[in-house]
Amino acid sequence: MADSAQAQKLVYLVTGGCGFLGEHVVRMLLQREPRLRELRIFDLQLGPWLEELKTGPVQVIAIKGDVTQAHEVIAAVAGAHVVIHAAGLVDVFGRASPETIHKVNVQGTQNVIEACVQTGTQFLVYTSSMEVVGPNVKGHPFYRGNEDTPYEAVHRHPYPHSKALAEQLVLEANGRKVCGGLPLVTCALRPTGIYGEGHQIMRDIYYQGLRLGGRLFRAIPTSVEHGRVYVGNVAWMHVLVARELEQRAALMGGQVYFCYDKSPYKSYEDFNMEFLGPCGLRLVGTRPLLPYWLLMLLAVLNALLQWLLRPLVLYAPLLNPYTLAVANTTFTVSTNKAQRHFGYEPLFSWEDSRTRTIRWVQAMDGSAQ
Ligand SMILES: NC(=O)C1=CN([C@@H]2O[C@H](COP(=O)(O)OP(=O)(O)OC[C@H]3O[C@@H](n4cnc5c(N)ncnc54)[C@H](O)[C@@H]3O)[C@@H](O)[C@H]2O)C=CC1
Ligand SMILES: C[C@@H](CO)CCC[C@@H](C)[C@H]1CC[C@H]2[C@@H]3[C@H](O)CC4=CC(=O)CC[C@]4(C)[C@H]3CC[C@]12C
């Protein structure tokens, strides 16, 4: 892919290209992949911002489609050199059924793999998640772990379960012969909790704080560290992996990489305050205001209410037994595998990532709570 004869010759497809991460991947590709000729953006819902991209030198093609529909995926993949598969149903709040989560995340990924095989597309990058590793149901800490750190991965929740199955499918597909006889080269990126411009949960927490008179109440001990990574750096990793996969197929094919940068290790709430603090919110308490057992009771009550109300209305608060367990379990990564394998260095420093995220929160409409 690297020789000059191929300058501006490549066709990329980004599934989920209109989501939080997908939009950053799309913009990053347009800025930092000079060999791009055509960029296909495949998503259930297309964003209006795509229009502005259509005037540049790269042909941008928006495709409204569903990864669960094999024929739609095949049509989108045909003729692409690289597929970045970021589409997924990210739901840990009980909004979607376990069956739907499985269908989108697992069957959708299988459809993408089969489409690559059938159409002769050789390079597939999958957006996996730290959640394929943990935190596990036993609440074991994963402290500064890397891709080789032993950890008992046990999944009961449909989202991490689906991501783990999908990742496995992608890794097992590495080396399969695609149409034309060449081997499929795949790898999976595992972001920790992504933050940055467009992060819906950050938006929800900001508005929640505004509704509570500019206050948030500490629920998680400061000692529980949660891995976070800036969306621009996650996007940059995707661009780099996609670029290097051909030249370094033997090394990178079938591999997993955590997504990391220089974001500090902090609790989920303390980390959010790095952005919400400068925007006027205050985190009340130096220790959790409620004991864990009471929080868990509230979380279980929320789950019960969700179940009772389901026939009438969708009740999906941030707090449920699963989100509480994840937020309350240390999970941080410390690795340089991406640097060693494909020369990744974060594109955005922590200061830059922080400033960009603060500017985005500040630009939110405070009255739209
Ligand atoms: N947000 C986070 O902290 C993390 C996210 N991830 C993974 O990154 C990927 C992107 O996540 P986000 O951008 O946060 O989520 P998102 O919900 O903002 O983006 C997902 C995109 O996929 C699209 N999509 C969903 N179902 C689809 C279907 N059936 N067919 C086609 N498109 C479909 C959605 O419309 C959306 O635009 C997901 O695969 C997720 O599992 C991994 C680790 C952390
Ligand atoms: C108990 C509440 C008191 O303030 C805080 C609840 C926070 C939770 C909603 C989040 C804590 C950890 C988050 C998850 C984590 O970052 C890992 C993830 C990876 C993914 O692939 C998808 C998103 C998520 C599951 C993320 C979801 C929100 C949290 C559970």
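Counting starts at 1 for both ligands and their atoms, following the listed order. The structure displayed is predicted, hence computed values, not measured ones.
- If you number the atoms of ligand 2 from 1 as listed, the ones under 4.0 Å from a heavy atom of Gly193 come out as 16 (O).
- Under the 4.0 angstrom criterion for non-hydrogen atoms, Arg218 is not in contact with ligand 2.
- Counting heavy atoms from C-beta outward, Val333 and Val229 have side chains that stay 4.5 Å or more apart.
- What sits closest to atom 6 (C) of ligand 2 on the protein, heavy atoms only, is Ala327 CB, 4.4 Å.
- In terms of protein heavy-atom proximity, atom 25 (C) of ligand 1 is closest to Gly88 O, 3.4 Å.
- Considering only non-hydrogen atoms, atom 27 (C) of ligand 1 lies nearest to Leu44 out of Asp43, Asp91, Val229, Leu44.
- Proximity of Tyr195 to ligand 1, defined as any heavy-atom pair under 4.0 Å, is not found for any part of the residue.
- Side-chain contact annotation: Glu114 with Gln118, donor-acceptor N/O pair under 3.5 Å absent.
- Every residue two or more places apart in sequence or in another chain that forms a salt bridge (charged side-chain N to carboxylate O under 4.0 Å, His left out) with Glu52 is listed here: Arg27.
- When all heavy atoms of Leu89 and Thr100 are compared, the closest pair comes out as CD2-CG2, 3.8 Å.
- Defined by atom type and a distance below 3.5 Å, a donor-acceptor pair is present between the side-chain atoms of Asp270 and Ser267.
- Residues that satisfy the salt bridge (charged side-chain N to carboxylate O under 4.0 Å, His left out) test with Glu147, not counting sequence neighbours, are absent from this structure.
- Side-chain contact of Arg203 with Gln200: a donor-acceptor pair under 3.5 Å is present, judged by distance alone.
- Under 4.0 angstrom from ligand 2, the non-hydrogen atoms of Ile201 all belong to its side chain.
- At the top of the distance list for atom 14 (C) of ligand 2, counting protein heavy atoms only, stands Val326 CG1, 4.1 Å.
- Counting heavy atoms closer than 4.0 Å to ligand 1, residue Val90 contributes side-chain atoms (C-beta onward) but none from N, CA, C or O.
- Contacts between Tyr159 and ligand 2, counted as non-hydrogen atom pairs separated by less than 4.0 Å, involve the side chain only.
- On a distance-only criterion, Phe20 and ligand 1 share at least one N/O pair closer than 3.5 Å.
- With a 4.0 Å heavy-atom cut-off, ligand 1 is reached by the backbone of Ala86 but not by any atom from C-beta on.
- Checked against Leu189 for a side-chain contact (heavy atoms from CB on, under 4.5 Å), the options Met237, Gln255, Glu167 give a single hit: Met237.
- Among all heavy-atom pairs drawn from Leu169 and Gln110, the shortest one is CD2-OE1, 3.2 Å.
- For Thr15, the heavy-atom gap to ligand 1 stays at 4.0 angstrom or more.
- In plain terms, the two heavy atoms of Tyr151 and Pro135 that are nearest each other are OH-CA, 3.6 Å.
- Checked by distance only, ligand 1 and Asp66 come closer than 3.5 Å through their nitrogen or oxygen atoms.
- Closest to atom 3 (O) of ligand 1 among all protein heavy atoms lies Ile194 N, 3.0 Å.
- Remark: Arg248 is not positioned above the aromatic ring of Phe342, lacking an NZ or CZ atom under 6.0 angstrom from the ring centre and at most 45 degrees off the axis.
- Inspection of the Gln107 and Asn111 side chains reveals an N or O donor paired with an N or O acceptor under 3.5 Å.
- Looking at atom 19 (O) of ligand 1, its nearest protein heavy atom turns out to be Gly19 CA, 3.4 Å.
- In summary, of the residues considered (Tyr230, Tyr260, Phe271), a ring-ring contact (aromatic ring centres under 6.0 Å, His included) with Trp350 occurs for Phe271 alone.
- The shortest N or O to N or O distance between Tyr159 and ligand 1 is under 3.5 Å.
- The closest protein non-hydrogen atom to atom 17 (C) of ligand 2 is Glu131 OE2, 3.5 Å.
- The closest approach between any non-hydrogen atom of Phe217 and ligand 2 is not below 4.0 Å.
- Using a 4.0 Å cut-off to heavy atoms of Val90, the atoms of ligand 2 that qualify are 22 (C).
- Below 4.0 Å from some heavy atom of Lys163 lie the following atoms of ligand 1, by number and element: 38 (C), 39 (O), 40 (C), 41 (O).
- Looking at His226 against ligand 2, only its side chain comes within 4.0 Å, counting heavy atoms.
- Close approach to Ser128 involves these atoms of ligand 1, each under 4.0 Å from a residue heavy atom: 6 (N), 7 (C), 42 (C), 43 (C).
- Side-chain contact of Asp352 with Thr355: a donor-acceptor pair under 3.5 Å is absent, judged by distance alone.
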TODO: Dump the intermediate steps for ring pair (Phe, Tyr, Trp, His ring centres under 6.0 Å) on Tyr159 and Tyr322, then the final yes or no.
DONE: CA-CA 11 Å; Tyr159 173 76; Tyr322 182 74; 8.2 Å; no
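- Here Val67 has heavy atoms under 4.0 Å from ligand 1 in both its backbone and its side chain.
- Residue Ser129 has no nitrogen or oxygen atom sitting less than 3.5 Å from a nitrogen or oxygen atom of ligand 1, judged on distance alone.
- Glu269 OE2, 3.4 Å is the protein heavy atom nearest to atom 3 (C) of ligand 2.
- Glu51 has a carboxylate O that lies under 4.0 Å from a charged side-chain N of Lys54, or vice versa, which qualifies the two as a salt bridge.
- With a 4.0 Å heavy-atom cut-off, ligand 2 is reached by no atom of Lys163.
- Considering both main-chain and side-chain atoms, Val104 never comes within under 3.5 Å of ligand 1 through any nitrogen or oxygen pair.
- Proximity of Leu319 to ligand 2, defined as any heavy-atom pair under 4.0 Å, is confined to the side chain (atoms from C-beta onward).
- Against a heavy-atom cut-off of under 4.0 Å, Thr127 is close to the following atoms of ligand 1: 7 (C), 8 (O), 9 (C), 39 (O).
- The number of heavy-atom neighbours closer than 6.0 Å to CH2 of Trp49, taken from other residues, nucleotides and ligands shown, is above 12.
- Under a 4.0 Å heavy-atom criterion, Leu89 is not in contact with ligand 1.
- The neighbour count for Lys262 NZ, taken as heavy atoms of other residues, nucleotides or ligands under 6.0 Å away, does not exceed 12.
- Here Asn105 has no heavy atoms under 4.0 Å from ligand 1, in either its backbone or its side chain.
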